[in-house]
2 protein chains.
Amino acid sequence: MYDRLHQHISRLVSLTDDEFAFLKTLFIPKKLRRKHDLLQAGDVCKSIAFVEKGLLKAYTVDAKGVEHILQFAPEDWWISDLYSYLTGEPSDTQIDALEDSELLLLERGNMDIMVENIPKMERFFRITLQNNYIASQRRIKSALSQSAEEKYADFIHRYPDIVQRVPQHMIASYLGITPAFLSRIRGRKAHPD
Amino acid sequence: MYDRLHQHISRLVSLTDDEFAFLKTLFIPKKLRRKHDLLQAGDVCKSIAFVEKGLLKAYTVDAKGVEHILQFAPEDWWISDLYSYLTGEPSDTQIDALEDSELLLLERGNMDIMVENIPKMERFFRITLQNNYIASQRRIKSALSQSAEEKYADFIHRYPDIVQRVPQHMIASYLGITPAFLSRIRGRKAHPD
DNA sequence: AAAAAACGTTGTACTAGGTCAATGGAAATC
DNA sequence: GATTTCCATTGACCTAGTACAACGTTTTTT
């Protein structure tokens, strides 16, 4: 159950066996079945989740009831509403499972204990945050300067695995376009004319 | 020259006088006059800059020559192309001064020295990165779910200071709309009909 | 102080992408 | 294995935002 977490952390910092054994105790394992949720809008986000297995999505729902997908999280990714997690404010985001999933939850208090007792983890989280920040900067650039067609081409190139695992209308939602329009883009590519 | 930096860091971690004195030596002060640049597209981003005074923008230029503003950085903000800074790849981003500015530059090697010698700074950067990440998540939400009019209303509410200091077409660029359309939005609000 | 550049506004025409609804096929669910 | 729900596609029509250009003002530069 902790295999991927172990490898994932080892990629950035090296922990002793004792340190990892201690670190494990700070996570709460949780299985989440497809269509069940980890976080509901209005609730406070109590933990950040590491995905050992499965696939989740984080999204908001606008006034018209339309979903806007902020993130897909397959194996080895972290998912949460960091704003709510850190401030304790109610979240405007929902998170739920697209496939049966196995998660490792890290609650706020345990996060603090972890970084105090294993200072290397401070470094781990700094680097992880850096990568997340860079990824979202890239997405902002894309939103500002690319057409729907370009965004889709980049998406299938960057996340071929996700393309296989989620329905097309969710990719449209992630890209900020309607499912109908994404279908037309695909039609254009398949039979140009 | 280091006043704002000192206060800025003190807000998140407390350093001894000795620590801060050492930390100061790791920054390179730089004055940048209006319209001059800190980073050109194609170059590698060698340092992250803390703004002591003035105002800068980071932006990309697309194939048609249109600018897309990724960030404004007034006093107390950090600005860089983090991706290029960390990977050493050439940047696709330009950074230049909108007002005469005073910067404190932190080069990659000095950053490493800093976090090794003052572990508290690891924490400082983790938290700063968290805040940056949260801010860009908010911007992504906005791009996915808000109309141009809503984005503009939020912008003037969130960054009243920036609104005073930069020309309107740059706000349009930041919001991902054309200057002409922003002008129409403003006209609508002023003389509805 | 003059000249030049940058800026905001507005008109007309246009287009990328949205809306709504119908259809058939594929998956989940029971 | 039947039924229901979910999903992708397509057509007809619509609209938020774009493109381009002209004009007057303000700001910069010299």
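Note on naming: letters A, B, ... go to the chains in the order of the sequence lines (proteins, then strands), and numbering restarts at 1 for each one.
At whole-Å resolution of the value, CD1 in Ile177(A) and C1' in dG17(D) are 17 Å apart. Between Ile185(A) atom CD1 and dT10(D) atom C1' the separation is 15 Å, expressed in whole Å. Rounded to a whole Å, the CD atom of Glu67(A) is 12 Å from the P atom of dC6(D).
Within a heavy-atom distance below 4.0 Å of DNA chain D, no residue of residues 143-154 of chain A is found.
Between Leu56(B) and Trp77(B) the shortest side-chain heavy-atom distance does not fall below 4.5 Å. Between Leu70(B) and Leu144(A), some side-chain heavy-atom pair lies under the 4.5 Å cut-off. Two residues are said to be in side-chain contact when any heavy atoms from C-beta on lie closer than 4.5 Å; Glu19(A) and Lys120(A) meet this criterion. A 4.5 Å side-chain heavy-atom check between Tyr2(B) and Phe20(B) finds at least one atom pair inside the cut-off.
Closest approach of Tyr85(B) to Leu106(B), counting heavy atoms only: OH-O, 3.2 Å.
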Contact list (N/O, under 3.5 angstrom) for nucleotides 7-12 of chain C vs protein:
unit_1  : atom_1 : unit_2    : atom_2 : d
dG8(C)  : OP1    : Gln168(B) : N      : 2.6
dG8(C)  : OP2    : His169(B) : N      : 3.2
dG8(C)  : OP2    : His169(B) : ND1    : 3.2
dT9(C)  : OP2    : Gln168(B) : NE2    : 2.7
dT9(C)  : OP2    : Ser183(B) : OG     : 3.1
dT9(C)  : O5'    : Ser183(B) : OG     : 3.2
dG11(C) : N7     : Arg184(B) : NH1    : 3.2
dG11(C) : O6     : Arg184(B) : NH2    : 2.7

Restricting both atoms to N or O, compile the protein contacts to nucleotides 28-30 of chain D shorter than 3.5 Å, with distance only.
none

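When atom types are taken as modelled, the side chain of Ser91(B) and the backbone of Val44(B) share no donor-acceptor pair closer than 3.5 angstrom. For Thr60(A) (side chain) and Thr93(A) (main-chain N/O), no donor-acceptor pair under 3.5 Å exists by modelled atom type.
Note on Glu102(A) versus Lys30(A): no salt bridge recorded, every NZ/NE/NH1/NH2 to OD/OE distance being 4.0 Å or above. In summary, Lys53(B) and Glu75(B) do not engage in a salt bridge, as defined by a charged side-chain N under 4.0 Å from a carboxylate O.
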Please lay out, stage by stage, how His169(A) and Tyr174(A) fare under the test ring pair (Phe, Tyr, Trp, His ring centres under 6.0 Å).
CA-CA 9 Å; His169(A) 72 270; Tyr174(A) 180 93; over 10 Å; no

